[in-house]
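What you see is a predicted model; the values in this text were computed from it and never measured. Note that ligands are numbered from 1 as they come in the structure, with each ligand's atoms numbered from 1 the same way.
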Amino acid sequence: MNSTLVTFPGGRTRGRSTIVEAVPVGERHGLVVSETPFHPLDHTWPDQPADRGTIGGLPVADCVTGARSPEGEILLGADIPVRRGDEGWGWLVVHVTDSPLPVGAEVDLEVDAGYRAALSAGHTACHLAALALNAALAGRWRKETRPDSLGRPDFDQAAITSSRITPHGSVDVYRLGKSLRKKGFTADGLDPDKVALEVNDRLAAWVAADAPVRVEVPGPELTARRTWHCSLPEGEAAIPCGGTHVSRTGELAGVRVTLTLDDATLTMHTEGAG
Ligand SMILES: [Zn+2]
C-alpha cells in the first residue's frame, strides 16, 4: 500500500478499517490502517494538531505522518527527510498506541468529535483572519506582489513563519524583516491595534454573511493536494490546505484577533471561533 486513504477532509470522524502495518514508535506502537478518519500532524507544515480518539477501543496517544522510503524503511514526523507528498515515497497515517493490535485485525476508528470541531473552527478562522489581514495591510505594498485569491497582496504567504491551529483559534507569526522590505512592504508606523480593528470588522462581516466553506479533494490519499474554499460576498477565496474545516462561516460567531508587534515579528492571535 502506497498511501493511507483519508476521510477527514470531508469531515468524517468515524470509520472501520483493517490494520495493515505496525511500526515501533519508541516503547509505543504505530498502527497503520487502509483508510482512516484521523488527521495526523503534518511534518512539513505542522499547523493543525493531531486528532484524538480511539482505534480498536485503544486510546490514540498521538497521530503522526509516516513516510515509507523507496528502500521500504518507515520514518516518522520530524525524521522524514523529504517534503510532504514526495514521489517515490509512501505516505501513511500512523496511530500511536500504548498497547499493540495485530496486523490483519479489523478495527473501529473513532475521532473525538468535539475536539475535532474546535480545531476545524480554529482552522477556518485562521484562513479568514489571514485574508482579512492581507486586506488591512494592502496599502503598505510599494511593489507589485503575488495576490491572494481575493486579489489583494498576499502578506500572509510572503511573511508567515509559523501557523498553529488551536481549539477555536490559531497563532500566526509573521516576519517583517529586510527580505519583506525588499519585496516592497513597509512596516513604518504600523499600529497593531488599528490593524486588528480593521481585521475584526471584516471578520464580523464574513461571519454575518454565513458563507459556505468546503475542502476540494482531488483524491483520497493523505497527500492529495487539497484546497480550502470559501464563497465570500466579495469573491471565491481559495487556499491550499491539508486540514479540516467548518461548513459555514456563521459557525465562527465571536471570532476576533489581537495583534502584537515585537521588533520585526508580528503575531496574530485568533480566538473565540465557534
Ligand atoms: Zn489550512
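- A donor-acceptor pair under 3.5 Å is formed between the side chain of His43 and the backbone N or O of Val82.
- Relative ring orientation between His245 and His127 is described as parallel, the plane-to-plane angle staying below 30° on a 0-90° scale split at 30° and 60°.
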Verdict with supporting geometry, Arg164 and Asp47, salt bridge (Lys or Arg N to Asp or Glu O under 4.0 Å): CA-CA 4 Å; Arg164 295 288 180 270; Asp47 56 352; over 6 Å; no
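- Residue contact annotation: Cys126 places no N/O/S atom under 2.8 Å from the Zn ion (ligand 1).
- Of all N/O/S atoms in His123, NE2 sits nearest the Zn ion (ligand 1).
- Arg140 places no side-chain N or O within 3.5 Å of a backbone atom of Ala136 that could act as its donor or acceptor partner.
- Not one N/O/S atom of His245, from backbone or side chain, sits under 2.8 Å from the Zn ion (ligand 1).
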